[in-house]
Structure formats: structure tokens, C-alpha cells
Amino acid sequence: MNFTYQSYRELIGLLHNCQYTITSYDRYAEYEKCVIIRHDVDNSLSKALELAELEAETGPEGVKSTFFLLLTSDFYNLFSLHGQKAADGILDCGHEIGLHFDEMRYPHLQGNMDAIREKILQEAGMLSRLTGRPVTKVSMHRPGRTMLNADLKIPGMVNTYGSEFFRDFKYLSDSRRNWRETPEEVIEKQSFKRLQILIHPFWYHTKEKDAAVCIKEFVNAANHERYHQLNDNFTRLEEMMGLEELMT
């Protein structure tokens, strides 16, 4: 599978052709044969919104998925105006927002599952107040072996790495821009009645780009973003530094 928007549309079409119902973490039990699509947003809200809009326009009824957002990202700020607009845009497309939780943000709590559970609930509450919607799903960012084996139960929340979804479903992921199994082959064989597919919006573009190019473009684009952010808050910035002076 290529990492292009067209290839992703074709994957959605294949799921439909093989009679997989695209559903949610709340409603999968209603279907004998289904797929849950989730997106972990590790570094770019803009890419997440692009994919949210593409899904909303794909097929006669669109695609509904769950976007998991970080509250502790070094790359984006959900509490900024840009962050709020991106989150609102995802919701306006009919998708759900869940919490992407980074346990490494709390190194002093490593291995203390009770304390981590409380942090997850705390962050979920903050994200819920931000979005104005209940946040009842959590996915772990770079989960360690202890977390994966814990089958952590969180009151009122779905843990996407819990045994119900991580072991009872066939799990497919494009982490690090690499599919360990070819998703088209798994879907076409129809050996599994329930699928959970993790798609990272960061890797997908109109045209195919390798991982190195994606990363370089992301890093270089940060110069332009920082300049425009500063320009919004700094009078006559161009007198000190012109846009043409940016390193690319």
C-alpha cells in the first residue's frame, strides 16, 4: 500500500467490497464483521484535519473514525487557537476525539498503574472540557511492554490496547511508515471478522513520499510556522527578519 490519499481511499473501498462495516469502539458488537479505524496524532494537527476531511468525503456516507490527540505534545498545542480550530474541524467532520496518552511524560510513575490510570482520567477530563464532548477512549503513545501487558482498565473509558481490542481484534498498524503485514492481503483473505486499523495521518500525502522526505519537510515547515506565529505577535517583524531569510 502506498502512503497516498488515493491509496487510502482504495483501502476504504476494499473494506466495503469485502463487507466489513466501519464502526466505532462503542458499537462493534452490533456487527459480525467489522473494522475500527483509529488515528494517533503524534505531531501534526494539520495532517490530521486533512485526513478527517478526506474520510468525511469518502463513499456515499463518509467514514467515521477516532482521532487520538496528545495533551502533552512538543509539536502542537490543543489550547492554542490553531489547535482548537483543528480539533473542532475534526469533530465537524463527524469523527470522535480520544486521548492519546504518553506515559513517558510521567517518568516518575513508570510501572505504577494506579497512578497512570489517574493521570489518564485527569487528561481525559481536560480534553473533554476543551472539545465540549465526552472523551471516553484512550490510546497509548509508544506504550512500553509493561503497559501492553497490563490490560489496564480505566473507569468509563475504552483502552484501545486492552485485550478486548488489541488481542481479540486483528491489529494492523502503519507505525514508523511500515506495515508489518500488507493490509490489503489481510482484508481480502477475510480470515478475521474484526479488524482494528491504526493509520497515522502524518505519513499520507497527495503523492508518494518516503519517510525521510516526510520528516525533512515537517522539520523545515516548522520554520515557516514559527515565523508566521511570531509575525502575529510582533509588530513590524519584517524589519528585523524577512520571510526570505528562513532556512529551508
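- Put simply, Y106 and L70 are part of the same group of oily side chains (I, L, V, M, F, W, Y) that touch within less than 4.5 Å, one to the next.
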Could you check I120 against M157 for side chain to side chain contact (heavy atoms under 4.5 Å, CB included), going step by step and ending with a plain yes or no?
-> CA-CA 9 Å; I120 290 172; M157 297 195 72; 3.9 Å; yes
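- Evaluation of the side chain to side chain donor-acceptor pair (under 3.5 Å) rule for S128 yields no partner, not counting sequence neighbours.
- The local environment of CD in E30 is crowded, with over 12 non-hydrogen atoms from other residues, nucleotides or ligands closer than 6.0 Å.
- Listed for the N43 side chain is no donor-acceptor partner under 3.5 Å among the backbone atoms of F75.
- Here the CD1 atom belonging to I22 is positioned 10.5 Å from the CD atom belonging to E61, to the nearest 0.5 angstrom.
- Between L130 and V135 there is no side-chain heavy-atom pair separated by less than 4.5 Å.
- Figure legend: K33 and Y20 shown as a cation-pi pair, the cationic atom lying under 6.0 angstrom from the six-membered ring centre and within 45 degrees of its axis.
- To the nearest 0.5 Å, the span separating NZ on K119 from CG on L109 amounts to 6.5 Å.
- Note that NE2 of H39 is 9.0 Å distant from CG of L198, once rounded to the nearest 0.5 Å.
- Taking 4.5 Å as the limit, every side-chain heavy atom of I12 sits out of range of all side-chain heavy atoms of R9.
- Of all heavy-atom pairs between I116 and G111, the closest is CD1-N, 4.4 Å.
- Closest heavy-atom contact between P143 and M147: CB-CG, 4.1 Å.
- When the side chains of ILVMFWY residues are joined at heavy-atom separations under 4.5 Å, either directly or via intervening members, F202 and V219 end up in a single hydrophobic cluster.
- One finds the CD1 atom of I37 at 9.5 Å from the OG1 atom of T66 (value rounded to the nearest 0.5 Å).
- Side-chain contact between L45 and L78: present, with at least one pair of heavy atoms (C-beta onward) separated by less than 4.5 Å.
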Side chain to side chain contact (heavy atoms under 4.5 Å, CB included) between V35 and T21, intermediate numbers included = CA-CA 6 Å; V35 56; T21 299; over 6 Å; no
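- Formation of a donor-acceptor pair under 3.5 Å by the S173 side chain with backbone atoms of S175 is found in this model.
- A donor-acceptor contact closer than 3.5 angstrom is absent between the side chains of N77 and H82.
- Put simply, the side chain of R194 does not reach to within 4.5 Å of the side chain of Y31, judged on heavy atoms.
- Side-chain contact check for S46 and S44: no donor-acceptor pair (N or O, by modelled atom type) lies under 3.5 Å.
- Checked against side chain to side chain contact (heavy atoms under 4.5 Å, CB included), F234 has the following partners two or more places apart in sequence or in another chain: L230, L237, M240.
- Under the salt bridge (Lys or Arg N to Asp or Glu O under 4.0 Å) criterion, the residue pairs touching residues 72-99 are E96-K137, with sequence neighbours excluded.
- Looking only at side-chain heavy atoms (C-beta outward), H16 and L14 stay at 4.5 Å or farther from each other.
- Panel note: side chain H95, backbone S65; a donor-acceptor pair is recorded below 3.5 Å.
- You'll find the side chain of F67 stays beyond 4.5 Å of the side chain of R38, heavy atoms only.
- Going from atom OH of Y171 over to atom CD1 of I197 covers 11.0 Å, rounded to the nearest 0.5 Å.
- Contact record, H100 with S139: ND1-OG, 2.8 Å, taken as the closest heavy-atom pair.
- The main-chain N or O of A212 is found under 3.5 Å from a side-chain atom of D210 such that the two form a donor-acceptor pair.
- For E225, there are no side chain to side chain donor-acceptor pair (under 3.5 Å) partners at least two apart in sequence or on another chain.
- Between K193 atom NZ and K170 atom NZ the span is 15.5 Å, to the nearest 0.5 Å.
- Nearest heavy atom pair, residue L127 against residue L69, reads CD2-O, 4.3 Å.
- Applying the 6.0 Å contact sphere to CZ of R167 captures more than 12 heavy atoms from other residues, nucleotides or ligands.
- For D174, the side chain to side chain contact (heavy atoms under 4.5 Å, CB included) criterion is met by F3, W179, I199, H200, W203, Y204, not counting sequence neighbours.
- The other members of the hydrophobic cluster of F169, by chain and number, are Y25, Y28, I36, F68, V158, F165 (side-chain heavy atoms under 4.5 Å, ILVMFWY only).
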Take H141 and D40, measure what side chain to side chain contact (heavy atoms under 4.5 Å, CB included) needs, and give me the verdict at the end.
-> CA-CA 8 Å; H141 182 53; D40 288 354; over 6 Å; no
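- The shortest distance between side-chain heavy atoms of Q84 and F79 does not fall below 4.5 Å.
- In summary, E217 and K209 engage in a salt bridge, as defined by a charged side-chain N under 4.0 Å from a carboxylate O.
- When only modelled atom types and interatomic distance are considered, H205 and E50 share no side-chain donor-acceptor pair under 3.5 Å.
- Side chains of T4 and E208: a donor-acceptor N/O pair is absent below 3.5 angstrom, by distance only.
- You'll find the side chain of L51 reaches within 4.5 Å of the side chain of Y5, heavy atoms only.
- Side-chain atoms of T72 and D102 form no donor-acceptor pair, as typed in the model, at a separation below 3.5 Å.
- Of all heavy-atom pairs between V41 and A48, the closest is CG2-CB, 3.7 Å.
- In this structure, M104 places its CE atom where only 12 or fewer heavy-atom neighbours from other residues, nucleotides or ligands lie under 6.0 Å away.
- For the residue pair A87 and I97, the shortest heavy atom distance occurs at O-CD1, 3.6 Å.
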